[in-house]
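Computed from a predicted structure; not experimentally measured.
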Amino acid sequence: MSRTIAPPRVLNIDDLRREAKRRLPRVVFDYIDGGAERERTLGENRRAFEDVLFRPRSAVATRHCDLSTEVLGTRLELPFMLAPVGSSRLFYQRGEEAAARAAGKAGTGYILSTLSGCRLEDVKAATTGPAWYQLYLVGGRDVALSAIARARAAGYRALVVTIDTPVAGLRERDLRNGIKELLSFNPLQMWPYVWQMLSRPGWLASYLGDGGLMNFPNIVLADGPMAYADVGAALEQSMVSWDDFPWIREAWQGPIVVKGAHTADDARRAVDAGASAVVVSNHGARQLDGVSPTIRVLPEVVAAVGGEVEVLLDGGIRCGGDVVKAICLGARAVLIGRAYAYGLGAAGEAGVTRAIDILRTDVVRTMKLLGCGSIGALDRSFVDPPAHWLSRCETL
Ligand SMILES: Cc1cc2nc3c(=O)[nH]c(=O)nc-3n(C[C@H](O)[C@H](O)[C@H](O)COP(=O)(O)O)c2cc1C
């Protein structure tokens, strides 16, 4: 393990975040770290986990903890998967492949973003674990259909349709760091912001060694793969609506996961649209600032779908205790986003592996302290959520 991410220097995810900040140019680090507008939901996603208190069972000898679970019929060795994180190739050379490889070695799944810098076939080939493909309709229906066909042929097991991105959120840090100017590739416009790269020679060497940037090889337009600069505009023209689900369903045929359900109503609509699972998600607080933290709305969504489909959750997970709390409140498993993206930015595959190890060790310790020997045995009796979080469940 490289010195930068070994213990005791890196003991938790916040330590990995610090190491990512040291290695990455500010514009890249803030792209990972930042949230939308005033970043109120960004803070709340994490903080709200503190409102859920544990109710341990003491004097229960738990020598072995079984962390395995089953999601959409696939066994995972861990109760968390890696969420889709666009442009991971900016964080480390061949970033999506590195993250997928680390997930597979740990026995868990990886979800590839449409906005990947690596070809979806190469990412699938890099991992021994299950892979899902996350769909944006960037470029329109025909472009999406061709990506869906490629994902199916490559062996992706589920299609994740993200529904919370009708427009890109306002991420102020990106604008202040000159992301638009840097992507203009106009030397005069770029110049005031280039120092961010020059001050991170390690990252710059790896970025240039990887071919420099870059396009989106899974969004193939009439004139070739979509260029980096087009993303914001393309997202605005590509919103998904419930009316799109029939043709997506017809094209894909395998399980569909709806990512971004945030209310009981949307979760029900996802079930009616044919989803096999929903992800309670606010896109890591990068879209609508001021929405509830995800852990708070989890009980409402679980009650609304009534066991008809599996419920996953993401947002704010930075330690194993957070994973356990979400499972106690009804999530089948969780997705981690920034927790592994920091690891990737800090040290590539080794950093992602370190993030996974930190969370795995945390989950085991938390479960032993709770007196619970398996993920399947975790339930609401192990936690005390605020009573008002449950009030909506009663009316469903
Ligand atoms: C840098 C970054 C890029 C992301 N890109 C995507 C994406 O392309 N598609 C998507 O559905 N979600 C995307 N997300 C959201 C994540 O999939 C996930 O919902 C979120 O990161 C969970 O919150 P957490 O980071 O607090 O764990 C992105 C998140 C981050 C941090």
Side-chain angles (χ1 to χ4, degrees), residues 31-32 36 83-91 95-97 99-100 110-124 131-154 156 158-171 174-175 179-180 182-185 213-252 254 256-260 270 273 275 279 281-284 286-288 314 335 337 341:
Y31 163 68
I32 301 173
V85 167
S87 307
S88 291
R89 194 168 172 179
L90 269 183
F91 317 161
E96 288 87 359
E97 291 171 31
Y110 175 77
I111 308 175
L112 179 68
S113 166
T114 290
L115 299 175
S116 161
C118 295
R119 293 176 69 246
L120 66 87
E121 292 83 359
D122 297 338
V123 177
K124 179 67 184 68
W132 299 356
Y133 187 72
Q134 179 266 324
L135 186 73
Y136 282 134
L137 302 185
V138 182
R141 187 190 290 207
D142 288 343
V143 171
L145 284 171
S146 116
I148 289 173
R150 280 173 61 190
R152 197 180 38 226
Y156 285 78
L159 189 69
V160 179
V161 182
T162 300
I163 61 166
D164 56 15
T165 319
V167 55
L170 176 68
R171 310 195 189 131
D174 292 352
L175 299 179
I179 211 156
K180 282 206 169 132
L182 287 166
L183 290 174
S184 71
F185 295 103
L213 201 72
M214 213 177 274
N215 55 33
F216 295 115
N218 305 315
I219 307 174
V220 184
L221 307 175
D223 55 350
M226 193 175 89
Y228 222 80
D230 297 345
V231 174
L235 273 176
E236 292 193 18
Q237 290 157 15
S238 69
M239 63 176 87
V240 179
S241 84
W242 296 114
D243 295 338
D244 290 304
F245 279 76
W247 68 261
I248 294 174
R249 154 103 280 134
E250 198 178 318
W252 174 251
I256 290 181
V257 179
V258 169
K259 177 171 180 282
V279 186
S281 173
N282 52 35
H283 213 106
R286 301 162 77 79
Q287 288 297 109
L288 180 61
D314 71 26
L335 312 182

Query - Interatomic distance, Arg171 atom CZ to Ile179 atom CD1 [nearest 0.5 angstrom] - result: 9.0 Å
Report task. Considering non-hydrogen atoms only, spot the tightest contact between Cys118 and Gly95 and give its length. Result -> SG-N, 4.4 Å
Query - Residues in side chain to side chain donor-acceptor pair (under 3.5 Å) contact with Trp247, at least two apart in sequence or another chain - result: Asp244
Requested in this report: Report the distance from atom CD1 of Ile111 to atom CH2 of Trp132, rounding to the nearest 0.5 Å.
Outcome: 5.5 Å
Query raised in the report: Is there a donor-acceptor pair closer than 3.5 Å between any side-chain N or O of Glu96 and the backbone N or O of Gly86?
Result: no
Query raised in the report: Could you give the distance from OH (Tyr110) to CD (Glu97), rounded to the nearest 0.5 Å?
Result: 9.5 Å
Query raised in the report: Could you walk me through whether Ile32 and Val85 pass the side-chain contact (heavy atoms from CB on, under 4.5 Å) check?
Result: CA-CA 9 Å; Ile32 301 173; Val85 167; over 6 Å; no
Query raised in the report: If you take all heavy atoms of Ser116 and Phe216, which pair is closest and at what distance?
Result: O-CD2, 3.4 Å
Query raised in the report: Under a 4.5 Å cut-off applied to non-hydrogen side-chain atoms, are Asp314 and Lys259 in contact?
Result: yes
Query - Contact summary for Pro217 and Pro225, nearest pair of heavy atoms - result: CA-CB, 4.1 Å
Report task. Anything under 30° is parallel, anything over 60° is perpendicular, the rest tilted; go ahead and classify Tyr136 against His283. Result -> parallel
Query raised in the report: Is there a donor-acceptor pair closer than 3.5 Å between any side-chain N or O of Arg249 and the backbone N or O of Ile256?
Result: no
Query raised in the report: Donor-acceptor pair, Arg286 side chain versus Tyr31 backbone, under 3.5 Å?
Result: yes
Requested in this report: Show your reasoning for whether side-chain contact (heavy atoms from CB on, under 4.5 Å) applies to Arg150 and Val220.
Outcome: CA-CA 11 Å; Arg150 280 173 61 190; Val220 184; 3.8 Å; yes
**Report entry** Val138, Val143, Val167 screened by side chain to side chain contact (heavy atoms under 4.5 Å, CB included) with Ser238, the one that passes
**Finding:** Val138
Query raised in the report: side chain to side chain contact (heavy atoms under 4.5 Å, CB included) with Tyr133: which of Asn218, Val161, Val123, Val160?
Result: Asn218
Query raised in the report: Which pair of heavy atoms, one from Lys124 and one from Ala131, lies closest together, and at what distance?
Result: CD-CB, 3.8 Å
Query raised in the report: What's the verdict on side-chain contact (heavy atoms from CB on, under 4.5 Å) for Gln287 and Thr165, showing C-alpha distance, side-chain angles and the deciding distance?
Result: CA-CA 7 Å; Gln287 288 297 109; Thr165 319; 3.7 Å; yes
Requested in this report: Before giving the answer on side-chain contact (heavy atoms from CB on, under 4.5 Å), spell out for Leu288 and Asp164 the whole-Å C-alpha distance, their side-chain angles and the decisive distance to 0.1 Å.
Outcome: CA-CA 9 Å; Leu288 180 61; Asp164 56 15; over 6 Å; no
Requested in this report: Drop me the distance from Leu221's CG to Met226's CE, to the nearest 0.5 angstrom.
Outcome: 6.5 Å
Report summary line: The reported gap from CG in Leu135 to CD1 in Ile163 (rounded to nearest 0.5 angstrom) is 13.0 Å
Query raised in the report: Can any side-chain N or O of Thr114 pair as donor or acceptor with the backbone N or O of Gln134 at less than 3.5 Å?
Result: yes
Query raised in the report: Name the one of Leu182, Leu90, Asn215 that satisfies side chain to side chain contact (heavy atoms under 4.5 Å, CB included) with Tyr228?
Result: Leu90
Query - Smallest separation among heavy atoms of Trp252 and Ala158, with atom names - result: CZ2-C, 3.5 Å
Requested in this report: Return the set of residues passing side chain to side chain contact (heavy atoms under 4.5 Å, CB included) with Ala275 (not counting sequence neighbours), or none when no residue passes.
Outcome: Val258, Ala270
